[in-house]
Amino acid sequence: MMDFYQVLEKRRTIRDFSDREVTDEVLEKVLGAAFKAPTNDHLRQFELVVVRGQENIARLISPVLKNTKEIQETGLNAGASTMDKDEYAMFSDALPKQQRMLIQSNCLVLPFFRQKGYPLCKPADQSSLNYFASAWAAVENILLAATAEGCACAFRIPIGNESEYVKQAVGAPDEYEFTCFLAIGYAAENAHICKQKDIQVKDRIHKNNW
Ligand SMILES: Cc1cc2nc3c(=O)[nH]c(=O)nc-3n(C[C@H](O)[C@H](O)[C@H](O)COP(=O)(O)O)c2cc1C
């Protein structure tokens with residue numbers, strides 16, 4: 001078993017999956033980690049829709065290809081000269097894989113969270129985002145638990161109509177919001193792992209003043 005700091009090191013975004021599928025037993029353990037994350041209101045109102053079967057997944061993510069192509073054609077080209085080079089390398093690898101990575105693992109998890117009060121995209125202040133923040137703490141717990149189990153993950157943040165499309169397609173209740181398309185599987189043998197930016201932690205820690 002990896003220790004916690006090994007898990008932190010090992011957790012990387014993997015966008016190339018093998019044929020091996022995560023079992024229901026492992027998946028339940030990994031998804032259970034979501035309910036160990038801190039939540040703003042103590043209630044942990046997360047619901048996880050698991051979609052298996054490549055055709056089912058393809059149907060659910062059908063807006064992804066078109067939406068991504070648009071970014072690839074406009075954003076990525078425009079960014080080539082201005083982006084950080086590791087950032088550009090990451091987007092160049094990631095964008096063409098958005099649709100495939102979600103289908104390939106054959107296990108797509110759709111984490112939803114209950115959003116009370118302010119509509120998600122119209123927050124009044126920072127605390128209106130508490131449900132969103134809690135949901136993402138839960139997603140990170142899932143990523144770390146999956147890593148500890150030897151699994152690999154990739155996720156996509158919904159853009160454009162993707163959230164609404166998914167909510168409708170799975171019949172999510174109105175007060176629930178969608179976090180991301182989360183693929184959980186096992187890394188392909190030759191899976192690409194993007195270079196992580198080198199950060200000197202000491203330089204980022206400021207004593208008393210910035
Ligand atoms: C808020 C957020 C949004 C992200 N959106 C996407 C996405 O839409 N598609 C994707 O392939 N990866 C996405 N990622 C993954 C990042 O590209 C990845 O975490 C980053 O490149 C660092 O690499 P690492 O996870 O291997 O450390 C996202 C990550 C975060 C935290």
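We count ligands from 1, going down the list as the structure has it; atoms in each ligand are counted the same way. These numbers were taken from a predicted model, which means no experiment stands behind them.
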Let me know which protein residues bring a heavy atom to under 4.0 Å of ligand 1; chain then number is fine for ordering.
R11, R12, T13, R15, M90, Q98, M101, F155, R156, I157, Q196

With clusters defined by side-chain heavy atoms of hydrophobic residues (ILVMFWY) lying less than 4.5 Å apart, directly or transitively, does F112 cluster with L120?
no

Mind checking side-chain hydrogen bond (donor to acceptor under 3.5 Å, both in side chains) for Q98 and listing every partner two or more places apart, or none if nothing turns up?
R156

Donor-acceptor contacts, no H, no angles, side chain residues 201-210, under 3.5 Å, sequence neighbours left out:
none

What's the verdict on side chain to side chain contact (heavy atoms under 4.5 Å, CB included) for K116 and L43, showing C-alpha distance, side-chain angles and the deciding distance?
CA-CA 12 Å; K116 286 184 278 183; L43 295 177; 3.7 Å; yes

Distance under 6.0 Å and angle within 45° of ring axis: R44 vs F35:
no

Return each pair, listed once, that meets ring pair (Phe, Tyr, Trp, His ring centres under 6.0 Å) where at least one residue sits in residues 57-111; pairs must be two or more places apart or across chains.
none

